[in-house]
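None of the values given here were measured: they were computed from a predicted structure. Quick note: numbers below take in every heavy atom, side chains included, and nothing from hydrogens, waters or symmetry partners.
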Amino acid sequence: MSDTIAVIGATRGTGLAAMQQLIGAGRPAAAVVRSVEKARGLFGDKATLVYGDVTRPETLAEAIDPEWAGIVFTVDITGGIAGRGMFASREKIRAVMYGGLVNTVEACRQRGFKGRLVLLSTIGLSIPSTGMKILNWVKPGLRDHSIDKAEYLKKSGLDWAVVRAGILNDKPAGQHALVITAQDRPLEMRYRIARADLARVMLACVTDPAASKREFSVFWGEAGHDSDAQLAAKLAALGG
């Protein structure tokens, strides 16, 4: 098995942050993307760029390398208002959010992938809140799609981790200690996290034994910064 970590959803949001961190640390990285040209503009020759579209399973079967150490899956629906798929049809949103994960899992099975698949999810799926109602309105069915894709991954036979993120922002990383808990939280502004902090956690989950077959929530705690050792200890505590 190689040391390469692949990111699906690599050109925006949390996936982009993950790629930037991998490249910045000089770690082997691969981006599975719909536009290799766009990815080349972002990453140059510092990462392996592979064409793959999560809505076209035949492309994923060709894209996935069974020797990758892990896959970070951050795909979300795009298009619509602000390029985020707001008010797209329920069927279109499900085809990307749920179908994209299903297609990726099946391609991993087909290719004999033995690494860990780390899935980005959201807090608040099990707790009613105004925030979830609004999100489910602008992206119809998002709650069900998110629950279903996590369950599909858990039953897939692959090694996995599901990271439920708090409300995301683009503030700099490293300004807050992180709360990592197996419990869900409502989708409220008090449970926030920077995309860069979330990306760091997801990358850690690829190789940390404590993250194997774990689902947990992560969001900002008090002002501060977790060292790598502190982050590993918080992941280890999930099994306690």
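- Closest non-hydrogen pair, Ala17 versus Ala196, comes out as CB-CA, 4.1 Å.
- Within the structure, every pair that satisfies the salt bridge (Lys or Arg N to Asp or Glu O under 4.0 Å) test and touches residues 215-232, not counting sequence neighbours, is listed here: Lys154-Glu215, Arg164-Glu215, Arg200-Asp228, Asp226-Lys234.
- Criterion: ILVMFWY side-chain heavy atoms under 4.5 Å apart, direct or through other members. Under it, Leu187 and Val138 are part of a common hydrophobic cluster.
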Please determine whether side chain to side chain contact (heavy atoms under 4.5 Å, CB included) holds for the pair Val50 and Asp65, giving the CA-CA distance in whole Å, both sets of side-chain angles, and the decisive distance to 0.1 Å. CA-CA 10 Å; Val50 185; Asp65 185 339; over 6 Å; no
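- The structure places OG1 of Thr14 at 5.5 Å from CZ of Arg195, a figure rounded to the nearest 0.5 Å.
- Annotation: side chain of Thr11 is not in contact with side chain of Ser35 (no heavy-atom distance under 4.5 Å).
- Distance CD1/Ile8 to CD1/Ile64: 5.0 Å, rounded to 0.5 Å.
- Of all heavy-atom pairs between Pro140 and Ile93, the closest is CD-CD1, 3.3 Å.
- Contact between Leu235 and Ala204 at its shortest, heavy atoms only, is CD1-CB, 4.3 Å.
- Two residues are said to be in side-chain contact when any heavy atoms from C-beta on lie closer than 4.5 Å; Glu188 and Phe219 fail this criterion.
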Side-chain donor-acceptor contacts of residues 122-135 below 3.5 Å, not counting sequence neighbours, with atom names and distances?
| unit_1 | atom_1 | unit_2 | atom_2 | d |
| --- | --- | --- | --- | --- |
| Ser126 | OG | Asp184 | OD2 | 2.6 |
| Ser129 | OG | Met132 | N | 3.1 |

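- Among residues two or more places apart in sequence or in another chain, the salt bridge (charged side-chain N to carboxylate O under 4.0 Å, His left out) test is passed with Asp144 by Arg90.
- Atom CG of Leu117 sits about 5.0 Å away from atom CD1 of Ile71, to the nearest 0.5 Å.
- With contacts defined as side-chain heavy-atom distances shorter than 4.5 Å, the pair Asp76/Met97 qualifies.
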Test side chain to side chain contact (heavy atoms under 4.5 Å, CB included) applied to Leu203 and Gln21, step by step: CA-CA 9 Å; Leu203 290 174; Gln21 289 176 24; 3.8 Å; yes
Could you please spell out the steps behind the side chain to side chain contact (heavy atoms under 4.5 Å, CB included) verdict for Phe73 and Leu153? CA-CA 11 Å; Phe73 187 95; Leu153 177 58; over 6 Å; no
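- Each of Ile5, Leu120, Asp197 was evaluated against Met202; a single residue qualifies, Leu120, per the side chain to side chain contact (heavy atoms under 4.5 Å, CB included) test.
- No more than 12 heavy atoms of other residues, nucleotides or ligands shown are found within 6.0 angstrom of CD on Glu62.
- The side chain to side chain donor-acceptor pair (under 3.5 Å) test applied to Lys38 returns no partner, not counting sequence neighbours.
- Using a distance-only test at 3.5 Å, with no hydrogens or angles considered, a donor-acceptor pair links the side chain of Ser2 to the main chain of Glu67.
- Annotation: salt bridge (Lys or Arg N to Asp or Glu O under 4.0 Å) contacts involving residues 96-115, sequence neighbours excluded, comprise Glu106-Arg109.
- The heavy-atom pair separating Thr181 from Leu238 by the smallest distance is C-CD2, 3.9 Å.
- Asp53 contributes no side-chain N or O that, together with a main-chain N or O of Arg34, makes up a donor-acceptor pair within less than 3.5 Å.
- Considering CG of Leu49 and CZ of Arg40, their distance stands at 6.0 Å, rounded to 0.5 Å.
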Pair Val179-Phe216, side chain to side chain contact (heavy atoms under 4.5 Å, CB included): steps then yes or no: CA-CA 10 Å; Val179 177; Phe216 61 88; over 6 Å; no
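- At distances below 3.5 Å, at least one donor-acceptor pair connects side-chain atoms of Ser217 with backbone N or O atoms of Gln183.
- Ile167 contributes atom CD1, which lies 12.0 Å from atom CD1 of Ile193 (distance to the nearest 0.5 angstrom).
- In terms of heavy atoms, Thr4 sits closest to Ala29 at CG2-C, 4.0 Å.
- Each of Met1 and Phe113 belongs to its own hydrophobic cluster when Ile, Leu, Val, Met, Phe, Trp and Tyr are linked at side-chain heavy-atom distances under 4.5 angstrom.
- Screening residues 140-185 for ring pair (Phe, Tyr, Trp, His ring centres under 6.0 Å), with sequence neighbours left out, gives His176-Trp220.
- Arg27 and Asp3 are not joined by a salt bridge, as no carboxylate oxygen comes within less than 4.0 angstrom of a charged side-chain nitrogen.
- Proximity of a side-chain donor or acceptor of Arg94 to a complementary backbone N or O of Glu91 within less than 3.5 Å is not detected.
- Here the closest heavy-atom approach between residue Gly9 and residue Thr74 is recorded as O-OG1, 3.1 Å.
- How far CG of Leu101 is from CG of Leu119: 5.0 Å, rounded to the nearest 0.5 Å.
- Side-chain contact check for Val7 versus Leu22: some heavy-atom pair is nearer than 4.5 Å.
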